[in-house]
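Working notes, structure below.
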Amino acid sequence: MAQARDNVGKLGASLPIESRSEAQRRTDEIRAFQRELEDLQRRSILILSDEQRDAIEQYHGGLLAEYERAFDVDRDVKAQQLSIGMRIASLIGALALAASIFFLFYQFWGLFPASTQVAILITSALGTFAATMWIRRKDGSGYFTKLAAMVAFACFVLNVVMLGQIFNITPSDKALLPWAGLALLLAYTADSRLLLVSGLICVIAFIGSRTGTMAGMYWLYFGERPENFFPAALMLFFVPQWTRHERFAGFAAAYRILALLTLFLPMLVLANWGHLSYLAFDPAHIKNSYQVLGFVMSALVTWLGVRRGWNHVVNTGVVFFLIFLYTKFFDWWWESMPKYLFFLVIGMTAVLFLLVFRRLRARVARPNPSGGR
Amino acid sequence: MNRSFIRVLVAGVGLILVVNAIALVRVAYNRSGEPESLLRLSQRELSVPRPWGWRTENSGLTLTLQWRVPLADERNVYYGFAGRSAPAAWLDAAKLNELGIRPLQPSATEAEKRRYEKVGPKEVLLVLELDGPAYRAALERTRESAREKADAARNSSAPALKNGADFAQKLLDQEEQSSSRLFVIDAGLDLERLRAKYPNRSQYAIVHGRIHPPRVAGYGQPNAGYVEGLASDQVNVSLEYRPVFDAVPPPAYRLGERYGGPKFEAAVAIGKRLEPWLVSARRQP
C-alpha cells in the first residue's frame with residue numbers, strides 16, 4: 001500500500017497531457033470510473049480497503065485539479081452544458097469578428113496611401129497572430145484562443161487579397177497554400193476544428209485547381225469538372241493514417257468526413273449531370289456509371305467504418321448511400337407512382353436499413369473468440 | 001517559453017513575412033525599368049464600379065478596363081458596344097491552330113464533338129489596341145449601318161424601319177462618344193514575337209488573358225473563337241489620383257444615354273509581369 005501511495009505521489013499531476021480535449025477526455029474517463037466504482041462498492045461486488053480508496057481518490061483528485069487549473073476542463077455535466085454554449089458563442093464570435101475586420105478595412109483603406117495600406121495589412125496579420133499566441137498562454141479554456149486564431153486567419157486572408165487588389169496582381173491559386181498553411185498551424189495550436197476545416201478547404205481547392213490545370217483547364221474553373229476533387233479526397237482520407245491525432249479530439253474525424261464529402265458530393269453531381277465529366281462518353285452512360293459507383297463507394301465506406309470502428313465514417317457512408325438511393329427512387333418513380341406509394345417505398349426502405357444495421361451491430365458487438373477485432 | 005511555442009511563433013511569423021515579401025518583390029519587379037507598354041486611356045476605356053450592396057461601404061476605388069473585340073459577324077452588331085460576348089473575327093481556324101487549339105472539323109463524329117465541348121479556355125497573351133484600325137473599322141461599320149437604315153426609313157413609312165434607324169443612330173452616337181476604343185486584336189504565345197509585330201508601345205499593350213474555342217452549336221461564325229477575359233483587368237486608384245475620379249459615373253445602363261461626367265486621361269502602364277498599374281491621371285477639359 002505504501003508503494004501505491006508513493007506511485008500516486010510520483011504520477012500525481014505530471015502526466016503528459018498537452019491539449020484541452022485530451023484533458024477533458026481523461027476527466028470524463030475518471031468521472032465514469034468513479035461512478036462505476038461507487039456502484040460496485042454499493043452492491044458489494046468490489047470492496048476496497050480505506051487505504052486503496054484514499055490512494056485512488058488522491059490520485060484522481062490531483063489529476064482533476066491539475067486539468068482544471070491548466071485546461072479549465074468541465075468537472076461535471078452542468079459545466080459541460082455551459083461549455084457547449086461557450087463553444088457556440090466562440091464560433092459565432094470568431095466568424096463575426098473576422099467579418100468585422102474585413103469590413104473595417106474596406107471602410108477605411110481608401111483613405112490611406114499604398115505604403116500605409118501595406119503596413120496596416122502586414123501589421124494586422126502579424127499582430128493578431130502574436131496576440132493569438134499570447135492569449136493561448138493565458139487562456140486555459142481555449143475559447144478565447146480559438147476566437148483570436150480565427151481573427152488572425154481572417155487578417156492573413158485579407159492581407160493577401162488586398163495586396164492583390166492594391167497592386168493589381170493576377171489572381172493565382174498559389175494564394176491558397178499559405179492560407180492553408182496558417183490555418184492548419186493555428187488549428188493545431190488552438191485546437192480548433194473550424195480552422196482545421198478552413199485550412200483543409202484551402203488544400204482541397206488547391207489540389208483541385210492543380211488537377212484541373214494539369215488537365216488543361218484555367219485554374220479558376222476547376223469546379224466545372226467535379227472529378228478534379230477526387231485526388232484531394234483520397235489524400236485527405238489517408239492523412240489521419242499517417243499522422244497521429246490522439247491529442248486533438250475530432251481532428252481525425254474532420255479529415256475523414258471532409259474527404260468523404262469531397263468524394264461523394266462531386267460523385268452525386270456527376271450521377272445527375274453526366275456531361276460535366278471529363279470523360280467524352282455519352283453523358284447518360286457517365287451518369288449511370290457514377291450512380292453505380294456512388295452506391296458501391298458509399299457501401300464500401302460504410303463497411304470500412306464498421307470494420308475500423310469509425311462511427312463518423314459509417315454515418316457519412318450511410319447518409320450518402322441513402323441519398324444515392326433516394327435520388328434514384330425519385331428518378332424512377334416520382335412521376336409514375338401515386339405519392340402515397342412512393343413515400344411508402346421510401347419508408348419501407350428505411351425499415352429495411354434499420355433491420356440490416358441491427359444485424360450488423362449485433363455482429364460487431366459479438367465477442368470475438370480469438371480476442372482480436 | 002517552451003520550445004514548441006517558439007517553433008509555432010517563428011513558423012507563423014515567418015510564413016506571413018515570406019508571403020508578403022514574395023508579393024511585394026513581384027510587384028517591384030513588374031514595375032521596374034521601362035514599362036512593357038503605356039496606354040493613355042479615358043473614361044471610355046476605364047470605368048468605375050456600380051455602387052450596389054456592400055460595395056457602397058468600400059472607400060477604395062478600382063477601375064475596370066473596358067475592352068472589346070472586332071466583330072466576326074454583322075448580325076452581332078448590337079454586341080458591338082458590349083464587345084465581349086461575340087466571336088472575335090481574327091480568332092479563326094488558322095489562329096486557333098497557332099495557339100494550340102484544333103478547331104472542330106465539319107466531319108466530326110458525336111464523340112469528337114463531345115470531347116471538343118469539354119475543351120475549356122486557354123491562357124494566352126492578348127494584344128490590346130487603343131484607338132487604332134479596329135476601332136476605326138467598327139466606327140465606319142456603325143456609320144454605314146446608321147446611314148443605310150436612315151435611308152431605308154426615309155423611303156418608307158413602316159414604324160419598324162423608323163425604330164431601326166433610331167436604334168442605329170443611338171449606336172453610332174455611342175460609338176462616337178462613349179464606347180471603348182480598346183480592342184483585343186490578336187493573341188499569341190510568345191511575347192517577343194507579338195511585340196515585334198506590334199512595336200508601338202503606346203498604342204499596343206500585351207497582357208495575359210484567356211480565349212475560348214468556338215462553340216459547337218450557336219450563332220456566329222462557326223470557327224471563330226471568343227476572348228474570355230483578361231487575367232488582370234482591374235486598375236487600383238491610389239490616394240493621390242482619387243480626386244481625378246470623383247464624380248465619375250459608372251457606365252450607362254441604357255443605349256443612347258449620354259456621358260455627363262467629368263472627362264479624364266489616365267496613363268496605365270503594363271509592367272514586366274504584364275500586370276497594369278496607374279501611372280498618372282488628370283482631368284480633361
Taking atom types as modelled, is there a side-chain donor on A:T170 or B:E275 under 3.5 Å from an acceptor on the other? yes
Would you say CZ of A:F144 has more than 12 non-hydrogen atoms from neighbouring residues, nucleotides or ligands within 6.0 angstrom? no
Which portion of A:F167 sits near chain B, non-hydrogen atoms under 4.5 angstrom: both
Between the CG atom in B:L65 and the OG atom in B:S47, the distance rounded to the nearest 0.5 Å is 8.5 Å
Any side-chain donor-acceptor pair under 3.5 Å between A:Y290 and A:N272? no
Is B:R242 in contact with chain A via its backbone, its side chain, both, or neither, using a 4.5 Å heavy-atom distance? side chain
State which residues pass side chain to side chain contact (heavy atoms under 4.5 Å, CB included) with B:V279; sequence neighbours excluded, sorted by chain then number. B:L38, B:A267, B:A269, B:W277
Exercise answer: donor-acceptor pairs, residues 109-120 of chain A side-chain atoms, under 3.5 Å, sequence neighbours excluded:
| unit_1 | atom_1 | unit_2 | atom_2 | d |
| --- | --- | --- | --- | --- |
| A:W109 | NE1 | B:N58 | OD1 | 2.8 |
| A:Q117 | NE2 | A:W109 | O | 2.7 |
| A:Q117 | NE2 | A:F112 | O | 3.2 |

Contact list (residues 16-29 of chain B to chain A, heavy-atom gap under 4.5 Å, by number) returns B:I16, B:L17, B:V19, B:N20, B:A23, B:L24, B:R26, B:V27
SB check B:E36 B:K272 (cutoff 4.0 Å): no
So which of A:L121, A:V160, A:D282 has the largest heavy-atom pair count under 4.5 angstrom toward chain B? A:D282
Okay, A:L186 and chain B: the region with an atom under 4.5 Å from a heavy atom over there is neither
Proximal component of B:T62, with respect to chain A [non-hydrogen, under 4.5 Å]: side chain
Enumerate by number any residue of residues 203-222 of chain A whose heavy atoms lie under 4.5 Å from heavy atoms of chain B; in the absence of such residues, state 'none'. A:G216, A:Y218, A:Y221
Heavy-atom proximity to chain B below 4.5 Å, by part of A:L182: both
